[in-house]
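Presented below is the structure to which this report refers.
Heavy atoms only: backbone and side chains are in, while hydrogens, waters and symmetry mates are out.
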Amino acid sequence: ARAVGSFSDISDVRAMQEALEHRALHDGLTGLPNRVLFLQRLSTRLAAGGASWSVLFLDLDRFKALNDSFGHAAGDRILTVVADRLGSAVTAKDVIARAGGDEFAVLLDTVEGLVDTEARAARILDVLDEPVNVDGSEVLVRASIGVLVGDASYTSAEEVMRDVDFAMYASKDAADVRTSIFHPSMRRELRSALELDLRLRRALEQRQFVPWFQPIVDLDTGRAVGWESLVRWEQEDGSILLPGAFLPRAEEIGLLPDIDRQ
């Protein structure tokens with residue numbers, strides 16, 4: 001009896017495959033898992049059930065301004081520092097990912113409800129608040145955090161990320177709030193805002209923004225000495241909307257100059 005065989009050393013090929021897989025699932029700058037791998041880990045956690053879990057979604061405030069002021073190399077330095085500090089503020093079972101740009105996601109694998117989640121989010125804010133040295137200058141890095149405490153109603157990682165994203169934007173919109181807890185009403189508010197965006201654009205096309213004039217009266221003589229011009233939105237059904245109902249949103253989406261010209 002005899003055996004005839006052929007052998008090849010494929011160590012280099014395997015190493016290359018592993019390197020490619022790592023690049024596909026990790027951020028090249030920080031070395032953290034990317035959004036794809038984070039969703040995979042989150043899906044696994046959802047399937048496992050058991051103890052409570054939470055997801056935090058962070059966005060760095062004024063990062064574009066820092067990037068423009070100090071340059072992209074400095075911006076990269078800030079992102080790596082943020083990644084390191086996030087790692088120091090969580091446990092070994094938790095998952096940190098760079099979700100894209102200046103956004104980071106954190107899966108808290110095991111939490112004891114909302115109070116514990118808020119305490120751990122506060123810990124993250126504390127470590128991020130330490131100044132970062134950039135080319136000899138100290139730079140303050142602040143973040144807005146959306147918080148979602150998981151429950152059995154979530155069946156997919158995409159649903160979780162959608163809702164925690166709502167919470168993060170709620171945090172950014174509030175000037176004095178850095179952490180916002182997701183609530184289902186946030187979905188309705190976003191839909192309402194998107195509907196208002198569309199209505200504003202259509203109202204511009206249909207020239208529904210008109211000036212109303214309010215007299216400025218001299219109380220001694222009773223005579224009108226001037227006029228104040230006030231914008232009104234005259235809707236198709238004949239109803240009138242006052243500026244407070246639409247101007248703040250128009251300013252957010254950049255339509256204020258167009259309304260002003262009209």
*Examine the side chains of Q208 and R202 and answer whether a donor and an acceptor come within less than 3.5 Å of each other.*
no

*Answer yes if Y169 and L194 sit in the same cluster of Ile, Leu, Val, Met, Phe, Trp and Tyr residues linked by side chain heavy atoms under 4.5 Å apart, and no otherwise.*
yes

*Provide the closest heavy-atom pair for A203 versus Q262 in the form atom of the first, atom of the second, distance.*
O-OE1, 4.1 Å

*T117 and E112, any side-chain heavy atoms less than 4.5 Å apart*: no

*Sequence neighbours excluded, every pair satisfying side-chain hydrogen bond (donor to acceptor under 3.5 Å, both in side chains) that has a member inside residues 247-258*: D197-R249, R249-E252, D258-R261

*Nearest atoms (heavy-atom pairs only) where E159 meets S153*: OE1-O, 4.3 Å

_Any pair counted as side-chain hydrogen bond (donor to acceptor under 3.5 Å, both in side chains), so long as it reaches residues 73-82, sequence neighbours left out_ = none

*asked:* Working to the nearest 0.5 angstrom, can you tell me the gap between D126 CG and D129 CG?
replied: 6.5 Å

*Take H26 and L32, measure what side-chain contact (heavy atoms from CB on, under 4.5 Å) needs, and give me the verdict at the end.*
CA-CA 6 Å; H26 291 79; L32 294 175; over 6 Å; no

*For residues 33-46, which residue pairs qualify under side-chain hydrogen bond (donor to acceptor under 3.5 Å, both in side chains), counting only residues two or more places apart or in two chains?*
R45-D109

_For the student: nearest non-hydrogen atoms of V111 and S54, plus distance_ = CG2-OG, 3.4 Å

*Under 3.5 Å, is there a donor-acceptor pair between the side chain of S171 and the main chain of R178?*
yes

*Gap separating the CG atom of L25 from the CG atom of L37, nearest 0.5 angstrom*: 5.0 Å

*Can M161 be reached from L60 by stepping across I, L, V, M, F, W or Y side chains whose heavy atoms are under 4.5 Å apart?*
no

*Looking only at heavy atoms, what is the nearest atom pair of D94 and T110, with distance?*
OD1-N, 4.5 Å

Quick one: side chains of residues 137-148, donor-acceptor pairs under 3.5 Å with protein atoms, not counting sequence neighbours, listed by atom name and distance.
residue: S144; atom: OG; partner: D61; partner atom: OD1; Å: 2.9
residue: S144; atom: OG; partner: D61; partner atom: OD2; Å: 3.4

*asked:* On a heavy-atom basis, which atom in A167 and which in M186 lie closest, and how many Å separate them?
replied: CA-SD, 3.6 Å

*Is it true that L29 and L66 fall in one hydrophobic cluster, defined by side-chain heavy atoms closer than 4.5 Å?*
yes

*Are V55 and L108 side-chain neighbours, meaning at least one heavy-atom pair lies under 4.5 Å?*
no

*D165 side chain reached by M168 side chain, heavy atoms, under 4.5 Å*: yes

*asked:* Measuring only between side-chain heavy atoms, which start at C-beta, is V82 closer than 4.5 Å to F104?
replied: yes

_Counting only heavy atoms from other residues, nucleotides and ligands, does the tally under 6.0 Å from CG of D12 exceed 12?_
no

*To the nearest 0.5 angstrom, please state how far the OG1 atom of T30 sits from the CG atom of L86.*
9.5 Å

_F182 side chain reached by V164 side chain, heavy atoms, under 4.5 Å_ = no

_Could you measure the distance from the CD atom of Q214 to the CD atom of E228? Nearest 0.5 Å is fine._
5.0 Å

*Using a cut-off of 6.0 Å, state whether more than 12 heavy atoms not belonging to R62 lie near its atom CZ.*
no

_Members besides F246 in its Ile/Leu/Val/Met/Phe/Trp/Tyr cluster (side-chain heavy atoms under 4.5 Å)_ = L196, L200, L204, F209, V231, W233, L241, L247, I253, L255, L256, I259

*Output all residues satisfying salt bridge (Lys or Arg N to Asp or Glu O under 4.0 Å) with R85, sequence neighbours left out; order by chain, then residue number.*
none

*Candidate pair Y154 and D163, rule side-chain hydrogen bond (donor to acceptor under 3.5 Å, both in side chains), full reasoning*: CA-CA 10 Å; Y154 288 100; D163 287 350; 2.7 Å; yes

*When rounded to the nearest 0.5 angstrom, what distance separates CG in L56 from CZ in R120?*
8.5 Å

*Atom pair CG (D218) and CZ (R223), whose distance is rounded to the nearest 0.5 Å*: 9.0 Å

*asked:* Measuring only between side-chain heavy atoms, which start at C-beta, is V90 closer than 4.5 Å to V106?
replied: yes

*In terms of hydrophobic clustering (I, L, V, M, F, W, Y; side-chain heavy atoms under 4.5 Å; direct or indirect links), are I124 and V149 co-clustered?*
yes

*asked:* Is it the case that the side chain of S69 and the backbone of A65 share a donor-acceptor pair, with hydrogens and angles ignored and the cut-off at 3.5 Å?
replied: yes

*asked:* For residues L79 and F38: do they belong to one hydrophobic cluster (side chain heavy atoms under 4.5 Å, members Ile, Leu, Val, Met, Phe, Trp, Tyr)?
replied: no

_G244 versus P248, closest heavy-atom pair with distance_ = O-CD, 3.7 Å

*Quick one: does D84's side chain get under 4.5 Å of V81's, heavy atoms only?*
no

*Sub-4.5 Å side-chain heavy-atom contact between T155 and L46*: no

